[in-house]
J.: 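First the structure, which I've put down as structure tokens, then a few questions once you've had a look.
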Amino acid sequence: MKILHVITSLRTGGAEKLMVDLLPRMQREGHQVDLCVFDGVRTPFYEELEHYGVKIIPLGNSVYSPLHVFRLIPLLQQYDVVHAHNTACQYGVAFASLFASCRKFTTEHNTKNRRRSVLWKMVDRWMYGRYDGIVCISELTRQNLLRHVGERMCQRCVVIYNGIDLSRFEAVAPKDVAAESRKVVLMVSAFREQKDQKTLIKAMGLLSDDYVLLLAGAGEETLMEDCRDLVEHLSLSSRVQFLGIRTDVPQLLQEADVVVLSSHYEGLSLSSLEGMASGRPFIASDVEGLCDIVGGYGVLFPHEDEHALAESIKHVCEDKVYAAQVAERCQQRARMFDINVMVRNYLSLYESGV
């Protein structure tokens, strides 16, 4: 098959990381798999895909240009299957498909978004109706989408869980805890509206000076500046580091004593699965998209409760037996989300439909 995935950019985030994991493996199954990006800025993810031999087709340097629709029309006609990710691409492909014939799929990456309102309902029904299949990354994501667009879309929706390459995390040497006096807290996440780095920063202010926080990821500059201002306000500059985008996440995870994902909501977070696979205790917000994945395995704390988060971090860092039990349960959970299963499910969808 000739397959084209379409995404807004390759800056940072779960959908972008999915392209890096998914597309090269589809190629190894014997398919031609290319990637179209609305904003063609070069990033580590961009270069990693090029290294794997994935052809990248940039449409410009803007996510929301209406000209992308016209640029997509001749492109769609060259492929058997087109798969759109993110809102701008979902709409761009839907409009372009009025003038180009191909099989079309899209992935719903979150349990909620800003379009879940009465005003958007009819427009979204039309847009999703243009697709032959809608991949939802969890059952909760599917249920919430159907509440928005109506049960008549039920037959088009299929749940395919995100997956990770477990071998990348199990092959990394464990941390030499005896050689470290400081306690390292790590969060790997883009700075976006759905994330909640601020609660984690506030929790650091409640912990002793031997706790340090590493924040890996980039994103919206205003949100990053807000977090930097909060760090300065709480006098935490010596204990909080902003690492930017990192391509060595498995190694970075092994430097941590505890991995945290503080969020307002999630779909099925790849960074949560990677954190759970790392062999470190994993702590997450008790919110949609995390409670059903982490609950019973890792540690959940109430949404936006920095005091509870600080206590959870302290518990796993000071009680080594408890930390080892949590880490083992997390690894067991992560093994349920093997990336090879995800790849097979995507290709099966393309070949047979929903």
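Residues: numbered from 1 along the sequence shown.
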J.: Examine the side chains of Tyr161 and Asn345 and answer whether a donor and an acceptor come within less than 3.5 Å of each other.
T.: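 Per modelled atom types, Tyr161 and Asn345 side chains form no pair under 3.5 Å.
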
J.: Applying side-chain hydrogen bond (donor to acceptor under 3.5 Å, both in side chains) between His83 and each of Tyr346, Tyr131, Tyr350, report the one that passes.
T.: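 Considering Tyr346, Tyr131, Tyr350, a side-chain hydrogen bond (donor to acceptor under 3.5 Å, both in side chains) with His83 is found only for Tyr350.
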
J.: Below 4.5 Å, heavy atoms only, C-beta onward: do Met26 and His5 meet side chain to side chain?
T.: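 Sidechains of His5 and Met26: in contact.
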
J.: Between Asn86 and Ala88, is there a donor-acceptor pair closer than 3.5 Å when you use the side chain of the first and the backbone of the second?
T.: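 Side chain of Asn86 to backbone of Ala88, a donor-acceptor pair under 3.5 Å: no, none is there.
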
J.: Could you tell me the separation between the NE2 atom of His109 and the CG atom of Asn113, rounded to the nearest 0.5 Å?
T.: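 If I round to the nearest 0.5 Å, the distance is 12.0 Å.
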
J.: Under 3.5 Å, is there a donor-acceptor pair between the side chain of Ser138 and the main chain of Thr141?
T.: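 Pair found, side chain donor or acceptor close to backbone of Thr141.
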
J.: Are Trp126 and Phe95 an aromatic pair, judged by ring center distance below 6.0 Å?
T.: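 Judged by ring-centre distance (under 6.0 Å), Phe95 and Trp126 do meet the cut-off.
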
J.: Side chains of Thr199 and Glu306 only: does a donor on one sit below 3.5 Å from an acceptor on the other?
T.: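 No - no donor-acceptor pair under 3.5 Å links their side chains.
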
J.: I would like to know whether Leu261 and Ser271 meet side chain to side chain contact (heavy atoms under 4.5 Å, CB included); could you show each step before the answer?
T.: CA-CA 8 Å; Leu261 182 58; Ser271 63; 3.8 Å; yes

J.: Looking only at atom types and distance, does a side-chain atom of Arg156 sit under 3.5 Å from a main-chain N or O of Asp132, one as donor and one as acceptor?
T.: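 Absent.
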
J.: Could you give me the CA-CA distance, side-chain angles and deciding distance for Val184 and Leu214, then say whether side chain to side chain contact (heavy atoms under 4.5 Å, CB included) is met?
T.: CA-CA 7 Å; Val184 179; Leu214 307 180; 3.7 Å; yes

J.: Look only at the side chain of Ser262 and the backbone of Asp196, and say whether a donor-acceptor pair between them is shorter than 3.5 Å.
T.: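 Answer holds: yes.
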
J.: Only counting residues at least two apart or in another chain, list the ones meeting salt bridge (charged side-chain N to carboxylate O under 4.0 Å, His left out) with Arg228.
T.: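 Only Glu221, Glu225 meet the salt bridge (charged side-chain N to carboxylate O under 4.0 Å, His left out) criterion with Arg228.
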
J.: Does a side-chain heavy-atom distance below 4.5 Å link Cys136 with Leu145?
T.: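 Side chain of Cys136 against side chain of Leu145, heavy atoms only: contact under 4.5 Å found.
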
J.: Any side-chain heavy-atom pair from Thr87 and Arg115 closer than 4.5 angstrom?
T.: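 Yes - at least one pair of side-chain heavy atoms lies under 4.5 Å apart.
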
J.: Would you check if the side chain of Asn144 reaches a backbone N or O of Thr111 as a donor-acceptor pair within less than 3.5 Å?
T.: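 A pair under 3.5 Å: yes.
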
J.: Between Arg344 and Glu29, is there a side-chain N and carboxylate O pair less than 4.0 Å apart?
T.: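 Not counted as a salt bridge, because no side-chain N and carboxylate O are separated by less than 4.0 Å.
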
J.: In the structure I gave you, are the side-chain heavy atoms of Thr12 and Thr43 within less than 4.5 Å of one another anywhere?
T.: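 A side-chain contact is absent here, since even the closest heavy-atom pair is not under 4.5 Å.
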
J.: Would you please test Lys183 and Asp210 for salt bridge (charged side-chain N to carboxylate O under 4.0 Å, His left out) and show each step?
T.: CA-CA 6 Å; Lys183 300 176 181 68; Asp210 56 336; 2.8 Å; yes

J.: Before accepting this row, confirm whether a basic side-chain N of the pair Asp209/Arg239 lies closer than 4.0 Å to the acidic partner's carboxylate O.
T.: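 A salt bridge is present here (some side-chain N lies under 4.0 Å from a carboxylate O).
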
J.: What distance do Leu186 atom CG and Leu215 atom CG have between them, rounded to the nearest 0.5 Å?
T.: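 So the CG of Leu186 and the CG of Leu215 are separated by 8.0 Å.
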
J.: Decide yes or no for Tyr211 and Lys314: does some side-chain heavy atom of the first lie under 4.5 Å from some side-chain heavy atom of the second?
T.: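 Yes - at least one pair of side-chain heavy atoms lies under 4.5 Å apart.
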
J.: Do Asp257 and Val185 have side chains that get closer than 4.5 Å, going by heavy atoms?
T.: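 They are not in side-chain contact.
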
J.: Hey, are the side chains of Leu166 and Ile339 touching, using non-hydrogen atoms and a 4.5 Å cut-off?
T.: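 A side-chain contact under 4.5 Å is absent here.
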
J.: Could you please spell out the steps behind the side chain to side chain contact (heavy atoms under 4.5 Å, CB included) verdict for Asn61 and Val41?
T.: CA-CA 7 Å; Asn61 56 7; Val41 62; over 6 Å; no

J.: Mind running salt bridge (charged side-chain N to carboxylate O under 4.0 Å, His left out) on Arg192 and Glu16 for me, showing each step along the way?
T.: CA-CA 14 Å; Arg192 290 179 176 168; Glu16 293 82 355; 3.1 Å; yes

J.: Under 3.5 Å, is there a donor-acceptor pair between the side chain of Asp248 and the main chain of Gln251?
T.: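 No, because the side chain of Asp248 does not come within donor-acceptor range (under 3.5 Å) of the backbone of Gln251.
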
J.: Nearest heavy-atom pair of Cys227 and Lys198: which atoms, and what distance?
T.: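 In terms of heavy atoms, the two residues are closest at SG-CG, 4.1 Å.
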
J.: Where is the tightest heavy-atom contact between Cys89 and Thr8, given as atom of each residue plus distance?
T.: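 Smallest interatomic distance, heavy atoms only, reads SG-N, 3.3 Å.
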
J.: When you measure from the side chain of Lys121 to the backbone N and O of His148, does any donor-acceptor pair fall under 3.5 Å?
T.: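 Yes.
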
J.: With a 3.5 Å distance limit and no angle check, can you tell me whether Arg333 reaches the backbone of Ile293 through a side-chain donor-acceptor pair?
T.: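 Yes: the side chain of Arg333 pairs with the backbone of Ile293.
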
J.: Nearest 0.5 angstrom please: Phe169 CZ to Ser278 OG, how far?
T.: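 OG of Ser278 is found 8.0 Å from CZ of Phe169.
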
J.: With a 4.0 Å cut-off, would you call Asp124 and Arg116 a salt bridge?
T.: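 Salt bridge flag = no for Arg116 with Asp124.
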
J.: For a 4.5 angstrom cut-off between non-hydrogen side-chain atoms, does Ile56 reach Leu49?
T.: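 A side-chain contact exists here, since the closest heavy-atom pair is under 4.5 Å.
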
J.: His31 side chain to Met1 main-chain N or O, any donor-acceptor pair under 3.5 Å?
T.: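 Side chain of His31 to backbone of Met1: a pair is present.
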
J.: Applying the side chain to side chain contact (heavy atoms under 4.5 Å, CB included) criterion to Val259, which one of Met187, Glu274, Arg280 satisfies it?
T.: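 Checked Met187, Glu274, Arg280 against Val259; only one passes side chain to side chain contact (heavy atoms under 4.5 Å, CB included): Arg280.
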
J.: Less than 4.0 angstrom from a charged side-chain N to a carboxylate O is my criterion; do Lys195 and Glu266 meet it?
T.: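 A salt bridge is present here (some side-chain N lies under 4.0 Å from a carboxylate O).
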
J.: Does the pair Glu108/Arg142 count as a salt bridge with the N-to-O cut at 4.0 Å?
T.: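 Salt bridge: no.
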
J.: Where do Tyr79 and Gln32 land on the side chain to side chain contact (heavy atoms under 4.5 Å, CB included) test, with the steps shown first?
T.: CA-CA 9 Å; Tyr79 294 88; Gln32 177 186 330; 4.1 Å; yes

